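Structure first, commentary second.
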Amino acid sequence: MSKYYITTAIPYPNGKPHIGFGLEILQADVLARYHRILGDDVWFLTGVDEHGLKVYRSAQQVGIGFQEYVDRNSAEFAKLKSILNISYDDFIRTTDRVRHWPGAQQLWRACADDIYLKEYEGLYCVGCEAFINKKDLIDGECPEHHIKPEVVKEKNYFFRITKYKKDITRLIESDELKILPTGRKHEMLNLLKDSEDFSVSRPLEKISWGIPVPDDSSQVQYVWFDALANYITAIGYGRDEENFQKWWPADVHLIGKGILRFHAIYWPAMLLAAGLPLPKSIYVHGYVSIDGEKISKSLGNVISPEDVVKKYGIDPLRYYLLREISSTEDGDFSYKKLEDRYNGDLANNLGNLVSRVAKLIETKMEGELNFEERFLDHEAKNKVEKTSAKYKDSIESFRLHEALTAVWDLLGYANSFLDFHKPWAKDADPDHLLKTLTTTLGIILNAAWFIKPFLPETAYKIFAAFGADLSAETLVKVDDNYKSWVGRKFVVSKVESLFPRLQ
RNA sequence: CGCGGGGUGGAGAAGUGGUCUAUCUCGUUGGGCUCAUAACCCAAAGAUCGGGGGUUCAAAUCCCUCCCCCGCAACCA
């Protein structure tokens, strides 16, 4: 048994989580559940990044205290556990002064040799409350606020990333720090060439909402320094050394494409400076658009997972996001496509298959089937084994959608198998009947096991429909390829539609 | 010369040198079945893989060039 530590990025809690972060936390959930089934010791961390200018400003706009503001919104993110049935083990908040702050400050101290104070001079637009690049100016004015920016000098701490560029390049090239998909790896290797030291602090008078820099009360940690530290503080860095040693390094950081540079360049540099091991891999997903449009509050097309789940249920949304959208590519969400997937894949293929087999066992076998190996069709068994190989390979290379494609291909095979063998025929002899139904039931049970990390509730219902032992042990330890149900008796219980068709 | 992503049968997608005589889902057409959630199964029609040029024994897949779409200020993974 090996340990498996997986993290998601920690989003800014500016309002409710939208469906894009839903995708990320779902992908992580599948990986976590999959590894638990394999018997790994899994730790799945998510959380929120509550500092930084954006949160600071939003709270001001809303007109309530910062802490109250983040308390309220962070709760919405934590709720994803029940909204999407996420199996995270821990939820870290960067405003947590007990769990997060000490580690974030210790990390700073550990990096201190590579952090230096520098006077930074730039053009500052009061309207933007931010530095802007000279090349973005139009006629010497800020394009947005139409005012001349001021020349401002500011003292910041900088991190000497340049010192580690060679090492990081080597580690990424050799896959010691593995970046998936590989296109992203090349992007980062390219980007590394021009990376320069980056600012890791802000003056207190600009933003007080953050973690103080150790030994310099005039500066606050830049939000990215603070945020990245969550991956180690949550498991005990600076607070619980034993637990930290148990879990670090992370096996997977799962993130969106927009923040890869922080994870592939800055974060490794910080860890190297602090003398800590690097994460083993970074998995990068794409962005979700809605009806082909970028998600945007100003466009008003933001959809929260909660909205969708209320109408369609948890597993249909899980299925959609994990199947319709390629794990590492951009994808699109629309209610139309969701309904198509629901009816086509969940109701017609999976749900209906379960119904017809259950009904056949009920009417032809008086509701009971003793599962015997000798009744298994060899070709079908072969098909299941192939599916299993493809499934595992897909998940382990972070192509979750392909794993589901393989499973649905197997379900199609079962439907076709049934039609070919016609167990409903009046003159079917008992052996033929047993062979056909044992084989199709076997496929369904295998499929349920494959589906379990993706659609936990559905897998549970399928086992229940055939009276399979529902103890946690069975559901967790069941191996594929029929082993664990040979010799069992399956009893069909009241048949209910898993996914009633939508009109 | 800004950067990046993309253009594949009616729609949406997969596939990035040789099982591609291009795959899948939906749709369309014809047939079958009647166990099942008007579901399921079989078959067919439909694409010169954005245009042009090149490399190669071999290209949707590599190179060049042109055209078009979408991101790259903010909200935002």
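In the text below, chain A, chain B and the rest are named by the order of the sequence lines, each starting its count at 1. These numbers come from a predicted model, not from an experiment.
- B/rU61 and B/rG6: their C1' atoms are spaced 15 Å apart (whole Å).
- Only the P atoms considered, B/rA60 is 15 Å distant from B/rU8, to the nearest whole Å.
- Considering only side-chain atoms of A/Lys337, the nucleotide from B/rC35, B/rG12, B/rC75 that sits closest is B/rG12.
- Taking the six-membered ring where the residue is Trp, the centroids of A/Phe91 and A/Tyr88 are separated by under 6.0 Å.
- Within the structure, a side-chain polar atom (N or O) of A/Arg501 is placed less than 4.0 Å from OP1 or OP2 of B/rA39.
- Residue-level contact check: A/Pro11 touches the backbone only, with heavy atoms under 4.0 Å from sugar-phosphate atoms and none from bases.
- No contact: A/Thr363 has no heavy atom under 4.0 Å from any strand.
- Atom CG in A/Asp340 sits roughly 18 Å away from atom P in B/rC24 (whole-Å rounding).
- Here A/Phe420 lies out of heavy-atom contact (under 4.0 Å) with every strand.
- Side-chain atoms of A/His18 and base atoms of B/rA77 include a donor and an acceptor less than 3.5 Å apart.
- The distance from atom CZ of A/Arg341 to atom P of B/rG12 is 14 Å, rounded to the nearest whole Å.
- At a threshold of 4.0 angstrom between heavy atoms, the contacts of A/Val302 with the nucleic acid are absent.
- At a threshold of 4.0 angstrom between heavy atoms, the contacts of A/Lys359 are confined to the sugar-phosphate backbone, with no base atom among them.
- The distance between atom CD of A/Glu402 and atom P of B/rA14, rounded to the nearest whole Å, is 10 Å.
- Relative to the side chain of A/His285, the nucleotides B/rC35, B/rA77, B/rU37 differ in distance, and B/rA77 lies closest.
- Side-chain N/O atoms of A/Asn349 include one lying less than 4.0 angstrom from OP1 or OP2 on B/rC40.
- Here B/rA14 is the nucleotide among B/rU37, B/rA14, B/rA77 with the atom lying nearest to any side-chain atom of A/Ser326.
- Atom CZ of A/Arg57 and atom P of B/rC75 are 9 Å apart (whole Å).
- Each of A/Ala347 and A/Ser58 was assigned the nucleotide of RNA chain B with the nearest heavy atom; the assignment lying further toward the 5' end belongs to A/Ala347.
- Using C1' as the reference atom, B/rA43 and B/rC33 are 15 Å apart when rounded to the nearest Å.
- The side chain of A/Asn14 lies closest to B/rC76, out of B/rU34, B/rA36, B/rC76.
- Contact annotation: A/Thr8 side-chain N/O to B/rA77 OP1/OP2 distance is not under 4.0 Å.
- Pair assignment for B/rU19 gives none, since no Watson-Crick or G-U wobble pairing has each distance under 3.5 Å.
- Residue-level contact check: A/Asp409 touches neither bases nor backbone, having no heavy atom under 4.0 Å from any strand.
- The CG-P distance, from A/Leu418 to B/rA36, rounds to 12 Å in whole Å.
- Nucleotide B/rG27 forms a pair with no other nucleotide shown, judged by Watson-Crick or G-U wobble geometry with both contacts under 3.5 Å.
- For A/Asn343, no side-chain nitrogen or oxygen approaches OP1 or OP2 of B/rU37 to under 4.0 Å.
- Checked against a 6.0 Å centroid threshold, the rings of A/Trp209 and A/Tyr56 do not count as neighbours.
- When both pairing distances are held under 3.5 Å, B/rC62 makes a Watson-Crick or G-U pair with B/rG54.
- Separating the CG atom of A/Asp332 from the C1' atom of B/rG6 is a distance of 14 Å, rounded to the nearest angstrom.
- A sub-4.0 Å separation between OP1 or OP2 of B/rG12 and a side-chain N or O of A/Lys336 is absent.
- Across B/rU34, B/rG12, B/rU37, the shortest atom-to-atom separation from the side chain of A/Ser497 is found for B/rU37.
- Nucleotide B/rC24 holds its P atom 16 Å from the NE2 atom of A/His401, rounded to whole Å.
- Between A/Ile282 atom CD1 and A/Arg184 atom CZ the span is 12.5 Å, to the nearest 0.5 Å.
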- Task: Could you walk me through whether A/Gln67 and A/Asp71 pass the side chain to side chain donor-acceptor pair (under 3.5 Å) test, one step at a time?
- Result: CA-CA 6 Å; A/Gln67 193 63 49; A/Asp71 282 351; 3.1 Å; yes

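- Across all strands shown, A/Ser416 has heavy atoms under 4.0 Å from sugar-phosphate atoms exclusively, and none from any base.
- Relative to the side chain of A/Lys294, the nucleotides B/rA36, B/rU34, B/rC72 differ in distance, and B/rC72 lies closest.
- In this entry the distance linking CG of A/Asp427 with C1' of B/rC33 reads 14 Å, nearest Å.
- Nucleotides B/rU25 and B/rC41, compared at atom P, are 9 Å apart to the nearest Å.
- Listed nucleotides: B/rC40, B/rA77, B/rC72. Nearest to the side chain of A/Tyr12: B/rA77.
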